[in-house]
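In what follows, a structure is listed as structure tokens, so that the remarks can point back to it.
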Amino acid sequence: MADINIVQEHSLTPKKARDAAQKVAEKLAEEFDLAYEWDGDVLRFERSGVNGTLTLTKHKAEMFIKLGFLFGAFAPVIQAKATEKMAKIFGSAKPV
């Protein structure tokens with residue numbers, strides 16, 4: 001198992017941040033066949049062997065991904081893609 005945590009600062013309004021998070025979710029869902037749903041300001045996503053959240057606050061977006069055994073080997077690739085997408089949509093990347 002592997003965990004990925006990415007924190008991305010932003011200066012978007014809450015509405016624009018949510019719209020941006022929706023774009024991230026749609027892109028990740030398309031690439032990795034993920035299902036997702038909103039729970040307040042937290043976007044939850046999952047598929048077999050992968051689950052996580054994208055939490056929005058006033059000045060940052062934080063993505064946490066938990067990878068099961070089979071996906072653990074792909075953690076660096078998944079982290080790179082997720083970081084790239086968050087940076088493109090929210091601003092410059094700050095992996096944690």
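- Between Leu56 and Arg18 the shortest heavy-atom distance is CD1-CA, 3.6 Å.
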Stepwise side-chain contact (heavy atoms from CB on, under 4.5 Å) check, Thr83 with Lys81 | CA-CA 5 Å; Thr83 300; Lys81 282 192 179 252; over 6 Å; no
Assess whether side chain to side chain donor-acceptor pair (under 3.5 Å) is satisfied between Gln22 and Tyr36, documenting all intermediate values.
-> CA-CA 10 Å; Gln22 183 69 30; Tyr36 63 89; 3.1 Å; yes
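- Atom CD1 of residue Ile65 and atom CD1 of residue Ile6 lie 5.5 Å apart, to the nearest 0.5 angstrom.
- Between Ala21 and Trp38 the shortest heavy-atom distance is CB-CH2, 3.6 Å.
- Taking both residues in full, the closest heavy atoms of Phe90 and Ala17 are given as CE2-O, 3.7 Å, listed atom of the first, atom of the second, then distance.
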Test side-chain contact (heavy atoms from CB on, under 4.5 Å) on Glu31 and Lys85 and set out the steps.
-> CA-CA 12 Å; Glu31 284 190 41; Lys85 294 210 180 309; 2.9 Å; yes
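- Distance check, rounded to the nearest 0.5 Å: OG of Ser48 to CG of Asp33 gives 10.0 Å.
- Side-chain atoms of Thr55 and Asp41, non-hydrogen and from C-beta on, never get closer than 4.5 Å to each other.
- Of all non-hydrogen atoms in Ile89 and Leu12, the two that sit nearest each other are O-CD1, 4.4 Å.
- Of the possible polar contacts, one joining the His10 side chain to the Thr57 backbone as a donor-acceptor pair under 3.5 Å is found.
- One finds the NZ atom of Lys66 at 3.5 Å from the CG atom of Asp3 (value rounded to the nearest 0.5 Å).
- The closest side-chain heavy-atom distance from Met86 to Leu54 is below 4.5 Å.
- Of the charged side-chain nitrogens involved, none lies within less than 4.0 Å of a carboxylate oxygen, so that Asp19 and Lys23 do not count as a salt-bridged pair.
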Could you check Glu62 against Gln8 for side-chain contact (heavy atoms from CB on, under 4.5 Å), going step by step and ending with a plain yes or no?
-> CA-CA 6 Å; Glu62 184 169 4; Gln8 177 65 58; over 6 Å; no
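- Residue Phe64 qualifies as enclosed at atom CZ: its count of foreign heavy atoms under 6.0 Å is above 12.
- Rounding to the nearest 0.5 Å gives a distance of 12.5 Å between CZ of Phe45 and CD of Glu37.
- The nearest pair of heavy atoms linking Gly72 to Leu67 is N-CB, 4.2 Å.
- For the atom pair NZ of Lys16 and OG of Ser11, the computed distance is 9.5 Å after rounding to the nearest 0.5 Å.
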